[in-house]
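Chain A is the first sequence line, chain B the second, and so forth, proteins listed ahead of strands; every chain is numbered from 1. The structure displayed is predicted, hence computed values, not measured ones.
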Number of protein chains: 2
Amino acid sequence: MFYGEYEHAIDKKGRLIIPSKFRDVLKDKFVDSFMVTRGYEKCLFVFPPDQWQAYEQSLRALSPHKADPRALSRMFYGGAQQCLCDRQGRINIPKILLDYASINKEVTIIGVSTRFEIWDRGRWNKYREAEEKTLEERAEKIGEIRIE
Amino acid sequence: MFYGEYEHAIDKKGRLIIPSKFRDVLKDKFVDSFMVTRGYEKCLFVFPPDQWQAYEQSLRALSPHKADPRALSRMFYGGAQQCLCDRQGRINIPKILLDYASINKEVTIIGVSTRFEIWDRGRWNKYREAEEKTLEERAEKIGEIRIE
DNA sequence: AAGGAAGTGGGGAAAAGTGGGGGAAAATCT
DNA sequence: AGATTTTCCCCCACTTTTCCCCACTTCCTT
């Protein structure tokens, strides 16, 4: 569904272009907005409406009687914002989310299957470099990934 | 499916010729693009669409709530690009993937069963020489190879 | 030696990305 | 409640990138 890596910038008016390949996903569904929320490693998660629902469902399944899932739900639900695309395919991201992800201007957008992620470019580069080095180790740990 | 070793070069516009033997695979399926992504040992993996789907299926199962699987899906999905073949059978490989595989110009393309791989020629030669020496050791370690 | 298939280079059109002005709606103040 | 300010979104114009096609060369085959 979503894949690839794109470098974009937030303009002076606070707008961010969504890569056109990602926007195409919305076209098929006759909707024009994404759900943006807090993500892991201080990036932002972005879902199309149907995938957001699936993600929501997985959160709702977590027990409200335990502290950990409760905190998670607060972070994800509380951070969630519906962002409309303008005619040029740009969205406005609320300041509170930009702060969370320490995004100033230069961002990198990464497609990750059912969602995509928005990173401050500097932080992403650091993360990527570290992960590239340990890719094989991580894969060995998980073990069940088969490439065939 | 894919086998053999080919030496090609990336031209000034960043295009790489896919060996015609490999392109023939697409013809049978009436499609005209490959999926290219980060691979192990810093080479690039290339899949025809149906094989990519099989590969993706195993990735999709990875949980977004655990660090190891999260990192892997970011690497594989984030690195993935659908590369269209032009009339001459060339694809454009994004710069980010070339950097990952430290590819400048001279590359070696290796068929590996359901996928093929793109290597920087220098790195491939080194890798091949080392592996040729320890082929038997590796086989012993795996142990369960059957040839029938 | 000729013909065809594979490899190579470059030009041009179309699409994606970028920036800014203006007007409507919403929020705020008096 | 009305007036003023602010915000947000649409549109237009421009730049950059992508990709698609055509022409030429080289190599292999017959």
Side-chain angles (χ1 to χ4, degrees), chain A residues 2-28 31-36 46 81-99 103-111 116 118-121 124, chain B residues 2-28 30-37 44 46 49 79-99 103-111 116 118-119 121:
Chain A
F2 297 112
Y3 48 78
E5 191 176 317
Y6 300 84
E7 301 199 332
H8 285 284
I10 294 182
D11 67 21
K12 285 170 198 162
K13 288 171 131 184
R15 299 173 297 191
L16 174 68
I17 296 197
I18 304 299
S20 68
K21 290 246 172 81
F22 292 179
R23 277 164 1 217
D24 290 344
V25 171
L26 291 186
K27 245 185 249 164
D28 303 340
V31 291
D32 58 352
S33 62
F34 290 104
M35 291 298 296
V36 184
V46 186
Q81 296 275 353
Q82 189 171 23
C83 291
L84 226 79
C85 282
D86 71 14
R87 276 278 182 81
Q88 278 68 35
R90 295 174 288 202
I91 59 171
N92 256 305
I93 300 173
K95 187 156 181 315
I96 189 155
L97 288 179
L98 295 181
D99 287 346
I103 292 171
N104 282 313
K105 187 158 184 276
E106 311 279 293
V107 305
T108 301
I109 302 176
I110 300 115
F116 60 90
I118 302 174
W119 288 68
D120 172 73
R121 195 172 304 164
W124 166 252
Chain B
F2 297 112
Y3 53 87
E5 191 177 316
Y6 298 85
E7 303 201 330
H8 283 286
I10 294 181
D11 69 21
K12 284 171 202 163
K13 286 174 120 185
R15 298 174 297 194
L16 173 68
I17 296 197
I18 304 300
S20 66
K21 288 248 172 78
F22 291 178
R23 276 179 292 177
D24 290 344
V25 170
L26 292 187
K27 246 184 249 165
D28 304 339
F30 303 100
V31 290
D32 58 351
S33 63
F34 290 102
M35 290 297 297
V36 183
T37 191
L44 302 180
V46 186
Q81 293 278 352
Q82 187 171 25
C83 293
L84 230 78
C85 283
D86 69 13
R87 274 272 187 83
Q88 281 67 35
R90 295 174 292 197
I91 60 171
N92 249 306
I93 300 176
K95 186 158 180 316
I96 185 116
L97 289 180
L98 296 181
D99 286 347
I103 293 172
N104 282 313
K105 189 157 184 275
E106 311 280 293
V107 305
T108 301
I109 302 176
I110 300 119
F116 59 90
I118 303 174
W119 288 69
R121 197 173 303 164

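- Other residues, nucleotides and ligands place no more than 12 heavy atoms under 6.0 Å from the CD1 atom of A:I96.
- Nearest-nucleotide assignment on DNA chain C puts the 5′-proximal partner with B:H8, out of A:K12 and B:H8.
- Side chain of A:R121 to backbone of A:H8: a donor-acceptor contact under 3.5 angstrom is found.
- Remark: aromatic rings of B:F34 and B:F116 are close, center separation under 6.0 Å.
- Read 5' to 3', the first and last nucleotides of DNA chain C with an atom closer than 4.0 Å to a heavy atom of chain B are C:dA6 to C:dG11.
- When each of A:F22, A:W124, A:W119 is checked for a ring-ring contact (aromatic ring centres under 6.0 Å, His included) with A:Y6, only A:F22 meets the rule.
- With axes fitted over five pairs at each extremity, the angle between the ends of the helix from C:dA1-D:dT30 to C:dT30-D:dA1 is 30° (10° resolution).
- Under the 4.5 Å side-chain criterion, counting only non-hydrogen atoms from C-beta, B:I93 is in contact with B:I118.
- Looking only at side-chain heavy atoms (C-beta outward), B:I109 and B:V46 stay at 4.5 Å or farther from each other.
- Distance check: B:I10 CD1 to B:L98 CG gives 4.5 Å after rounding to the nearest 0.5 Å.
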Counting primed atoms, P, OP1 and OP2 as sugar-phosphate and everything else as base, the B/S/- map of nucleotides 11-22 of chain D against protein heavy atoms under 4.0 Å is BB------BBBB
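- Atoms CZ and CD1, from B:R15 and B:I91 in turn, are 12.5 Å apart once rounded to the nearest 0.5 Å.
- Within the model, atoms CD1 of A:I103 and CG of A:L16 stand 8.0 Å from one another, a figure rounded to the nearest 0.5 Å.
- Note that CZ of B:R23 and CD of B:Q88 are 9.0 Å apart. Values are rounded to the nearest 0.5 Å.
- When rounded to the nearest whole Å, the span between CG of A:D11 and P of D:dC9 equals 13 Å.
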